[in-house]
Protein chains: 4
Amino acid sequence: MQTREAATASTVGKMKTQLELGEWTEAQKLILTCRMLALESHSESLAGQISMRSTNGTFLTTPMAIGFDEIEARHVIRVDESMQVLEGHGMANPAVRFHFWVYRRRPDVQCIVHTHPPYISALSMTGRPLLVAHMDATPFADDCAFLPEWPGLPIADKEGDIISTALGSKRTILLANHGFLAATSSIEETAYLAVLIERAARNQLIAQATGPVKELDPALAKEAHDFLLLPNVVKASFAMFARRTLRRTGYQLEG
Amino acid sequence: MQTREAATASTVGKMKTQLELGEWTEAQKLILTCRMLALESHSESLAGQISMRSTNGTFLTTPMAIGFDEIEARHVIRVDESMQVLEGHGMANPAVRFHFWVYRRRPDVQCIVHTHPPYISALSMTGRPLLVAHMDATPFADDCAFLPEWPGLPIADKEGDIISTALGSKRTILLANHGFLAATSSIEETAYLAVLIERAARNQLIAQATGPVKELDPALAKEAHDFLLLPNVVKASFAMFARRTLRRTGYQLEG
Amino acid sequence: MQTREAATASTVGKMKTQLELGEWTEAQKLILTCRMLALESHSESLAGQISMRSTNGTFLTTPMAIGFDEIEARHVIRVDESMQVLEGHGMANPAVRFHFWVYRRRPDVQCIVHTHPPYISALSMTGRPLLVAHMDATPFADDCAFLPEWPGLPIADKEGDIISTALGSKRTILLANHGFLAATSSIEETAYLAVLIERAARNQLIAQATGPVKELDPALAKEAHDFLLLPNVVKASFAMFARRTLRRTGYQLEG
Amino acid sequence: MQTREAATASTVGKMKTQLELGEWTEAQKLILTCRMLALESHSESLAGQISMRSTNGTFLTTPMAIGFDEIEARHVIRVDESMQVLEGHGMANPAVRFHFWVYRRRPDVQCIVHTHPPYISALSMTGRPLLVAHMDATPFADDCAFLPEWPGLPIADKEGDIISTALGSKRTILLANHGFLAATSSIEETAYLAVLIERAARNQLIAQATGPVKELDPALAKEAHDFLLLPNVVKASFAMFARRTLRRTGYQLEG
């Protein structure tokens with residue numbers, strides 16, 4: 001009888017050479033993430049931002065009021081912490097300011113996505129947290145913070161302080177009356193969690209509309225959390241989502 | 001620490017020059033709005049109308065039983081307050097009559113949209129008003145009236161009187177057992193609110209199916225309302241929705 | 001002040017000459033209806049049938065296990081009341097048998113559609129009838145019967161007797177644990193009601209998931225029922241749905 | 001008056017020659033099933049697998065982290081019970097291990113699908129079983145087992161033992177906090193049940209969000225179960241879904 005530990009070890013070994021992980025530049029990954037999230041309903045209005053930290057302390061992001069579904073290479077902009085645009089055209093979304101609060105407090109974080117997709121938005125209106133009641137939601141097991149009060153429009157420093165404090169050391173946070181934040185050490189992981197959290201909220205709300213849901217055993221959830229966040233599981237998932245995005249949109253990556 | 005007031009001022013300044021606002025004629029904006037709303041499920045049946053006031057006291061609208069998703073330049077018609085078609089072919093929707101009641105009582109209103117999209121329709125059946133429980137719903141904070149009784153098919157003068165009275169000085173109204181109306185000083189703002197109100201109803205209903213929702217603090221909601229209705233936020237959103245509409249439908253604007 | 005009676009009369013007058021009603025053969029209308037209903041999720045599995053009575057007492061229908069979304073001119077078959085195929089290839093759906101029970105008892109009925117779209121199916125599982133709580137649902141006001149017990153697979157004569165008895169003289173019926181039937185004097189009206197009933201069920205269920213709904217005043221509902229079933233409202237709606245179907249599917253009508 | 005028995009006999013007779021059942025190789029059916037399930041939302045993440053038993057005791061499956069929506073002939077792999085890839089490229093999904101437990105205990109089973117589509121996922125979170133409250137759900141009448149506890153990530157032998165034991169001799173099983181399994185004697189039947197179970201869960205959840213549902217009489221449900229699982233009903237349904245998949249995706253079958 002093979003144990004889960006042995007199966008995991010065997011899987012980790014095979015994943016080193018047997019998965020299609022894709023090869024894209026940082027800017028291409030940013031574009032793919034924007035378009036991937038647009039396909040998953042993360043870009044309904046001009047709310048929502050993505051940022052990536054570069055080694056020189058500047059950040060890649062996309063301009064205010066350009067939809068995630070229309071981002072091309074020419075739209076990618078580089079900004080500094082004072083929101084000045086160093087490269088590219090347009091202005092940064094004023095809400096990117098609260099991203100910098102997270103980057104300052106979390107040196108491990110290299111990429112942040114914040115959006116208001118439909119089910120996360122609806123869940124955020126209930127005053128209740130995300131539950132881990134499905135295997136596919138285990139990446140959020142003990143790893144999704146909750147800010148129970150909306151501090152107002154998140155464009156100033158106060159909201160950055162509040163949100164980054166509430167996030168603590170976790171990968172994600174549900175923001176009441178607002179949306180979510182994913183903040184991890186790679187764009188692949190941030191994009192992956194952004195895709196998964198909206199689906200987790202959807203499944204939770206559909207289930208809860210019919211009655212209470214049954215949460216997972218925390219120890220089993222933790223084990224699945226760690227497996228589903230294995231670097232190559234994350235990268236292979238990102239690559240699969242990226243290929244799907246390219247197929248569905250017909251977009252041709254530049255550069 | 002930058003305050004929200006300072007962040008807003010800085011954003012307003014940058015938005016003057018840094019946003020893509022589009023350049024379209026009035027008729028093109030009308031067509032774009034029809035097609036934008038069709039993409040957002042506002043045109044399921046022949047119910048629903050759009051009208052724009054011209055400076056000479058006539059109105060642009062679209063013909064009865066031509067779907068919002070098929071409107072082209074050749075469909076745009078000009079009517080007077082007696083519903084006579086002055087330019088173009090076809091007949092005005094008889095329900096446009098109640099638009100004129102609003103235009104007479106509200107000199108500030110230049111464009112009205114009335115439709116029955118799915119979630120607004122469902123909300124309208126509950127006898128309960130739209131709630132402001134999400135940042136994205138703040139454009140309706142203290143700015144969405146409620147008509148709690150359906151007066152019958154809205155084709156005669158009585159319904160125009162009732163609806164325009166209930167609207168009062170607000171931008172939008174939820175009509176029980178019926179739909180909504182957005183009536184503002186520009187087609188961009190009317191279209192923007194029409195898109196947002198259906199999503200606000202959707203999020204509210206999904207959340208309320210699982211229990212009560214948590215409304216926003218009115219002062220914070222008012223502040224976000226004012227920001228999200230800044231003229232350039234509205235115009236940039238309309239332009240983003242319009243570009244999306246053109247991309248998704250493949251429609252080529254004429255003229 | 002124009003009254004609703006005067007507005008209706010004026011509208012009826014204009015509709016005689018000002019609407020685009022389309023020109024299609026009976027077979028083309030059958031194909032358009034199949035494809036229109038497929039777009040509205042009425043053809044998920046091989047359940048569901050359409051039939052039209054011809055003046056010689058035979059019937060047009062489509063073959064078992066050909067999806068509504070793939071019907072072309074070559075698929076249309078003619079059958080008699082014993083389910084023999086007189087023209088075309090394939091076999092009639094055995095459930096068409098209960099259509100004949102309706103045709104025998106209702107000489108006014110010329111076209112029947114029976115399907116199991118998602119929301120009608122879900123509503124049919126609740127044991128509760130369709131409510132008239134929205135203007136767009138008024139074509140079902142006092143005109144939608146309810147069969148509260150599922151008699152079993154509807155392929156034999158017993159079910160035909162039960163369903164046709166339950167339908168009585170109404171245009172539509174909700175069949176518990178099953179689906180609906182629309183049976184009217186024209187294919188346009190039957191198709192129109194089939195499209196509307198699924199949306200009415202959708203809106204009702206979304207609303208009821210959050211609490212009770214508020215039904216319409218029966219007198220006002222009756223008045224709207226009669227307006228929305230005016231022959232030219234029905235025909236113009238069918239034509240709009242048909243044009244939409246042709247645009248969305250790219251299907252080219254033959255012959 | 002024709003009885004249901006006579007109608008069934010007559011239908012079975014006609015179905016022998018009058019249905020379009022398609023002609024595809026085993027590998028083509030595998031590809032069609034993957035793509036059919038992707039269209040029905042069964043392939044949101046890298047979770048989910050399909051396997052087919054070959055006469056020589058090896059199995060066809062698809063590689064880990066290749067989405068069902070992108071499967072082409074070149075992706076199909078052959079594995080043995082130790083998860084070694086005998087033909088093709090990539091690695092088997094580690095969760096295929098639990099399929100082998102089913103194949104060992106159920107010599108009748110030739111094809112297994114396991115996925116986590118949205119409504120099955122949501123239902124699996126409620127701790128409640130699938131109900132048979134609609135004619136279209138009768139293929140699950142007394143034929144859908146329920147595993148009420150999630151045993152953890154299904155990649156080791158223990159989970160295979162638990163899941164195959166819980167399945168027993170039924171065709172399908174709902175796995176709490178997880179998903180479902182369909183395991184039957186043909187790929188057509190497994191695919192058909194996989195499509196139907198997600199819709200059954202959807203209809204159940206939409207209905208239950210508004211209150212209790214009314215289950216079917218077990219004897220009538222059993223009769224419909226047997227009819228809807230008649231071999232030619234299954235094959236004709238698979239063929240209809242396959243043609244739909246080819247039309248919608250534009251995919252050209254190879255070889």
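By convention in this document, chain letters (A, B, ...) are assigned in the order of the sequence lines, proteins followed by strands, and residues within each chain are numbered from 1. Not measured: the values here are computed from a predicted model.
Put simply, of A/Arg202, A/Glu40, A/Gln208, A/Glu215, the one with the most heavy-atom pairs under 4.5 Å next to chain D is A/Arg202. Each of A/Leu131, A/Thr8, A/Ile206, A/Leu196 has some count of heavy-atom pairs under 4.5 Å with chain D, and the biggest count is that of A/Ile206. Of all the listed residues (D/Met64, D/Met83, D/His89), the one sharing the greatest number of non-hydrogen pairs under 4.5 Å with chain A is D/Met64. Note on D/Asn177, D/Thr126, D/Leu205: by heavy-atom pairs under 4.5 Å with chain A, the leading option is D/Asn177. Across A/Glu20, A/Met240, A/Gln204, the residue that shares the most heavy-atom pairs under 4.5 angstrom with chain D is A/Met240. Per-residue heavy-atom pair counts under 4.5 Å with chain A were compared for D/Ser121, D/Gly211, D/Gly127, and the maximum is reached by D/Ser121. When the candidates D/Pro118, D/Pro94, D/Ala92 are compared by the number of heavy-atom contacts under 4.5 Å with chain A, D/Pro118 comes out ahead. Counting heavy-atom pairs under 4.5 Å between each of A/Glu223, A/Arg199, A/Met15 and chain D puts A/Arg199 at the top. Comparing A/Val132, A/Thr11, A/Thr17 by how many heavy-atom pairs each has under 4.5 Å with chain D, the most go to A/Thr11. Counting heavy-atom pairs closer than 4.5 Å to chain D, the top-ranked of the candidates A/Lys14, A/Met135, A/Glu5 is A/Met135. Of all the listed residues (D/Gly179, D/Pro151, D/Ala47, D/Ser124), the one sharing the greatest number of non-hydrogen pairs under 4.5 Å with chain A is D/Pro151. When the candidates D/Lys158, D/Glu159, D/Glu149 are compared by the number of heavy-atom contacts under 4.5 Å with chain A, D/Glu159 comes out ahead.
Proximity of D/Arg78 to D/Val85: side-chain heavy atoms (C-beta onward) are nowhere separated by under 4.5 Å.
Here D/Glu70 does not pair with A/Arg244 in a salt bridge; the nearest charged N to carboxylate O distance is not below 4.0 Å.
Screening A/Ile173, A/Thr172, A/Leu174 for a side chain to side chain contact (heavy atoms under 4.5 Å, CB included) involving A/Ile197 leaves a single residue, A/Thr172.
Interface residue A/Arg4: backbone and side-chain heavy atoms are both found under 4.5 Å from chain D. Interface remark: D/Pro63 contributes no atoms to any contact with chain A (heavy atom separation under 4.5 Å). Within the 4.5 angstrom heavy-atom criterion, atoms from both the backbone and the side chain of A/Gln2 approach chain D. Only the backbone of A/Ala221 comes within contact range of chain D, judged by heavy atoms closer than 4.5 Å. Contacts between D/Pro117 and chain A at a heavy-atom distance below 4.5 Å are absent for every atom of the residue. Interface remark: D/Leu123 contributes no atoms to any contact with chain A (heavy atom separation under 4.5 Å). Neither the backbone nor the side chain of A/Val195 comes within contact range of chain D, judged by heavy atoms closer than 4.5 Å. For A/Phe241, the part lying under 4.5 angstrom from a heavy atom of chain D is the side chain only. Of the two parts of D/Ser43, the backbone and the side chain both hold a non-hydrogen atom closer than 4.5 Å to a non-hydrogen atom of chain A.
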**Item:** From CA spacing to verdict: ring-ring contact (aromatic ring centres under 6.0 Å, His included), A/His99, A/His114
**Value:** CA-CA 9 Å; A/His99 294 217; A/His114 163 66; 7.0 Å; no
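Counting all heavy atoms, side chain and backbone alike, A/Ile112 lies closest to A/Leu181 at CG2-CD1, 3.5 Å. The heavy-atom pair separating A/Val213 from A/Ala133 by the smallest distance is CG2-CB, 4.0 Å. Looking at every heavy atom in both residues, A/Pro139 comes nearest to A/Leu229 through O-CD1, 4.0 Å.
Between the D/His75 side chain and the D/Glu72 main chain, a donor and an acceptor come within less than 3.5 Å of each other.
Summarising the geometry, atom OG1 belonging to A/Thr184 is positioned 9.0 Å from atom CZ belonging to A/Arg106; distances are rounded to the nearest 0.5 Å.
Looking only at atom types and distance, the side chain of D/Trp101 has a donor-acceptor partner in the side chain of D/Asp157 under 3.5 Å away. In this model, a donor atom of one side chain and an acceptor atom of the other lie less than 3.5 Å apart for D/His116 and A/Asp136.
Around the NZ atom of A/Lys235, the shell of radius 6.0 Å holds no more than 12 heavy atoms that belong to other residues, nucleotides or ligands. Sparse packing is recorded around CG of A/Asp142, with 12 or fewer heavy atoms of other residues, nucleotides or ligands lying under 6.0 Å away.
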